[in-house]
Undergrad: 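The structure is given below, and queries will be raised subsequently.
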Amino acid sequence: MSPSPQGPLLLGVRHHGPGSARAVRAALDAARPAAVLIEGPPEGDGLLELAADPGMRPPVALLAHAADDPGRAAFWPLADFSPEWVAIRWAQQAGVPVRFMDLPAAHALAAEPGAGHGEPDAVRVDPLAVLAETAGYDDPERWWEDVVEHRGTGGGPEEVLGAFEALGEAMGALREAYGDGGQPRDLVREAYMRQRMRSARREFGDAYAVVCGAWHVPALRAKTTVAADKALLSGLPKVKVETTWVPWTHRRLARAGGYGAGITSPGWYAHLFEARDRPVERWLTKVAGLLRAEDRQVSSAHVIEAVRLAETLAAMRGRPLPGLTETLEAVRAVMCDGSDIPLALIEDRLVVGDVLGEVPDAAPVVPLQRDLTRQQRSLRLKAEAQDRELELDLRKDTDAAKSLLLHRLRLLGIGWGTPTASRGSTGTFRETWRLRWEPELSVRVAEAGIWGTTVLAAATAKAEADAAGAEELGEVTALAERCLLAGLSQALPAVLRALADRAALDTDVARLAKALPALARSLRYGDVRGTDATALAVVAAGLAERICVALPPACAAGLDADAAAELRGHVDGVHGAVALLADADEGLRERWSAVLRTLAGRDTVPGVIRGRAARLLLDDGRLPSGETARLMGLALSPAASPADAAGWIEGFAGGSSGGGTLLVHDDRLLGLIDAWLVGVPERAFTDVLPLLRRTFGAYESGVKRSLGELVRRWPGGVVAAGPGSAPEGFAAELDVERADAVVELVRLLLSAPGGVAAA
């Protein structure tokens, strides 16, 4: 059967619809056209032959990006079950020409931002939703499954072609009612499509087929003039573009991922396309296999019962076959014991899925991508669509090389790997990464190609440029750390020059203190990785000396609460940095301890910083317990303001620094805090309560219980009273009537946002 003598064969489809894909194959088999036109950018015509390469495994996407601005890019994704992909492969197997016919990417990418997103048919009016509602369905996906996905193609050529004709007529009615559907850009696209069809007619007559979104069919059938179409296309902006094939994922085909022409269940649709017979039975067998892999007890009897239940539900609802809704309901009831938790796993792994496509080596790529691919293969770092945790031992050459590659890619803005906390050893020779390859990373690689042709050269050039453009000291110190992690020894001289320049000019002690920890870590990395980082030592030592001189005056300059809290964090950071630097300069440790003693004993320093300084000295064994108690007594004396005293407690005993354990083992310190607490005036207590809650709320539950037991066992319920007595205001026994009077207030505190329960 050949295309109609009245015109070409127009096959309106749903993008990524397996039913449409099967119907397209059947229609092409019946019509045997002399050429096939596909919705897509014509810049990709030269890449279509790669679709036949054995190394091409969908899902893949045609990527087009502006040659001088790779960040301006668009994708045209295709899966095995995409009608366009089926049409491409049919034409190649039939030996007939196949070409793209949509508006060139050169125009789409030159348009205003958002105009060239490469998501076909992302119309505001959802034609499927309108047709489904007209047919009495409240779910467009279910309507599409019933009328298309479950039809099959066994009705013969006339029925298959008749179905396309009926869908085209339905879209024609929608176009009459809704015009361009809220997407005026479609009118321009359709004008260009008609131009391509005219060219095909001159070459093949009407013996060609068009595969496009069903929404466009009425516009392609419309009688228009060449002049009218040229008028729509005149004056369009244009840029030079480059195109290639890139791997894509089922997850990125999903509508939930933000893809305008996406589907809700790419994994399910892939199954429907692949399963030639008994799709429900095969699907539920897959589900059972997944659940068994998760150590759930699922037998063949469960599968049989789930099939029966799905078929019963479909029959009750008047559906020709069980759809995704029925199969998931059956799985929840039979295999998941009614729980949504394992069902969520099934929806993530099977309904959506993490399938990642592959493209052949012959696909054009920027030199940087070719070098990255070579290193991935050499190091056996396979790009995968699902999250994967990678544990590295930096003492091993291969693992160290993997670490360098991942750090260099991060510096280039290619976030394939994200460093995470190691679950095992905490040694500095261990690294843990979470890897996940997203299709958009191909664009990031193309963007980074401006810096060099290899990962090493590009990362080095990028680091040097970042150092020259850095405005703050902290940016340069962080960059120096990243250079050492990435093994960019050639970039270090430029980074160190910038570091020395910024450090010499910066007088803000907070910025100096913020910068020092990164330098200290960098020196340590140099030891662990065998990198020569001695050039950093001079800068780090000079920075530490300036901090020791400038920090005490900065802490006594009438800081508000937020500024004091920020400086307290910097004190912690400098303390940790000094510990790393002291191996090379023991005198630095003594000078820093002197700074801490100054901060701990100076009453003009905010309480949170004084308390923290005292705690750091105590932990280092440089503050006797008696002196600690004396400083605490002064900080918590009646002469001190309640807010400052509460800040001292937070600095000394707050957070996860082990302050709770210290109080459990030192009754004297706990008693001082308790005595101060019961003596805080009522109005002041309300003001300091949030700070105290933050301090003690961070303790581990076991520490809280131990402190509670200590307080409970002492007569009077308070430590400060001492054995056999109670402080003023406390009776020996509980006054039940007075206690009941505060129940409503306690209930209010516990239920209020940010209240005690929240702490």
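Please read all numbers here as calculations on a predicted model, not as lab measurements.
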Undergrad: Could you tell me whether Ile341 atom CD1 has more than 12 heavy atoms of other residues or ligands within 6.0 Å of it?
TA: no
Undergrad: I need the Glu464 CD to Cys483 SG distance, nearest 0.5 Å.
TA: 8.5 Å
Undergrad: Does Ser403 reach the main-chain N or O of Asp399 with its side chain, forming a donor-acceptor pair under 3.5 Å?
TA: no
Undergrad: Please table the atom pairs, donor to acceptor, closer than 3.5 Å between any side-chain atom in residues 469-480 and protein atoms at least two apart or in another chain.
TA:
from   : atom 1 : to     : atom 2 : distance (Å)
Thr477 : OG1    : Leu473 : O      : 3.4
Thr477 : OG1    : Gly474 : O      : 2.9

Undergrad: Within a radius of less than 6.0 Å around CG of Asp740, do more than 12 heavy atoms belonging to other residues, nucleotides or ligands occur?
TA: yes
Undergrad: Any donor and acceptor pair, going by atom type alone, linking the side chain of Arg408 with main-chain N or O of Ala459 inside 3.5 Å?
TA: no
Undergrad: Any donor and acceptor pair, going by atom type alone, linking the side chain of Ser378 with main-chain N or O of Gln375 inside 3.5 Å?
TA: no
Undergrad: How about Leu567 and His570: do any of their side-chain heavy atoms sit closer than 4.5 Å?
TA: yes
Undergrad: Would you say the side chain of Leu488 lies within less than 4.5 Å of the side chain of Leu411, judging by non-hydrogen atoms?
TA: yes
Undergrad: Tell me whether Glu545 is salt-bridged to Arg591, with the criterion being a basic N under 4.0 Å from an acidic carboxylate O.
TA: yes
Undergrad: Quick one: do Phe652 and Val608 satisfy side-chain contact (heavy atoms from CB on, under 4.5 Å)? Show the steps, please.
TA: CA-CA 7 Å; Phe652 183 83; Val608 67; over 6 Å; no
Undergrad: Parallel, tilted or perpendicular: which one describes the rings of Trp592 and His575, with boundaries at 30° and 60°?
TA: tilted
Undergrad: Quick check for you: to the nearest 0.5 Å, what is the distance between Lys402 atom NZ and Leu394 atom CG?
TA: 12.0 Å
Undergrad: I'd like to check Asp354 versus Arg436 (side-chain heavy atoms, cut-off strictly below 4.5 Å). Are they in contact?
TA: yes
Undergrad: May I ask you to decide if Arg410's main-chain N or O and Arg482's side chain share a donor-acceptor pair within less than 3.5 Å?
TA: yes
Undergrad: Any donor-acceptor pair under 3.5 Å linking the side chain of Asp620 with the backbone of Arg622?
TA: no
Undergrad: Can you confirm whether more than 12 heavy atoms, excluding those of Gln490, are under 6.0 Å from its CD atom?
TA: no
Undergrad: Heavy-atom count around Arg434 CZ within 6.0 Å, excluding the residue itself: above 12?
TA: no
Undergrad: Given side chains that start at C-beta, do those of Pro552 and Val595 come closer than 4.5 Å, heavy atoms only?
TA: yes
Undergrad: I'd like to know whether Glu389 forms a side-chain contact (heavy atoms from CB on, under 4.5 Å) with Thr432, so could you lay out the CA-CA distance, the side-chain angles of the two residues, the decisive distance to 0.1 Å, and finally the verdict.
TA: CA-CA 7 Å; Glu389 199 166 88; Thr432 303; 3.6 Å; yes
Undergrad: Which distance, rounded to the nearest 0.5 Å, do you find between the CG of Leu412 and the CD1 of Ile450?
TA: 10.0 Å
Undergrad: Should the pair Asp348-Arg251 be classified as a salt bridge under the 4.0 Å nitrogen-to-oxygen rule?
TA: yes
Undergrad: Side chains of Arg502 and Arg497: does their closest heavy-atom pair fall under 4.5 Å?
TA: no
Undergrad: Do the side chains of Arg612 and Leu616 get nearer than 4.5 Å, heavy atoms only?
TA: yes
Undergrad: Can Leu435 and Leu406 be said to form a side-chain contact (heavy atoms from CB on, under 4.5 Å), step by step?
TA: CA-CA 9 Å; Leu435 303 183; Leu406 293 171; 3.9 Å; yes
Undergrad: Between Lys514 and Glu566, is there a side-chain N and carboxylate O pair less than 4.0 Å apart?
TA: no
Undergrad: Could you check whether any side-chain N or O of Asp371 sits under 3.5 Å from a backbone N or O of Val455, counting only pairs where one atom can act as donor and the other as acceptor?
TA: yes
Undergrad: Looking only at heavy atoms, what is the nearest atom pair of Asp560 and Ala563, with distance?
TA: OD1-N, 2.7 Å
Undergrad: For Ala458 versus Leu368, what's the shortest heavy-atom pair and its separation?
TA: CB-CD1, 4.2 Å
Undergrad: Trp433 versus Thr420: any side-chain heavy-atom pair under 4.5 Å?
TA: no
Undergrad: Using 0.5 Å steps for rounding, measure from the CD1 atom of Ile547 to the CG atom of Leu512.
TA: 5.5 Å
Undergrad: Could you tell me which non-hydrogen atom of Cys555 sits nearest to which non-hydrogen atom of Ile609, and how far apart they are?
TA: SG-CD1, 3.9 Å
Undergrad: Check this for me, if you would: do Arg610 and Asp603 make a salt bridge, where the nitrogen-to-carboxylate-oxygen distance has to be below 4.0 angstrom?
TA: no
Undergrad: Would you please test Thr460 and Trp451 for side-chain contact (heavy atoms from CB on, under 4.5 Å) and show each step?
TA: CA-CA 8 Å; Thr460 299; Trp451 298 108; over 6 Å; no
Undergrad: Please report the interatomic distance CG(Leu409) to CG(Leu372), rounded to the nearest 0.5 Å.
TA: 5.5 Å
Undergrad: Looking at every heavy atom in both Pro342 and Ser339, which two are closest together, and how far apart are they?
TA: CD-OG, 3.2 Å
Undergrad: To the nearest 0.5 Å, what is the distance between OG1 (Thr628) and CG (Leu623)?
TA: 3.5 Å
Undergrad: For Ala498 and Ala467, work out which heavy atoms get closest and say how close.
TA: CB-O, 3.7 Å
Undergrad: Does a side-chain N-to-carboxylate-O contact under 4.0 Å join Asp619 and Arg615?
TA: yes
Undergrad: Under a 4.5 Å cut-off applied to non-hydrogen side-chain atoms, are Trp437 and Gln376 in contact?
TA: yes
Undergrad: Of all the heavy-atom pairs spanning Ala614 and Ala600, show the shortest one and how long it is.
TA: N-CB, 3.9 Å
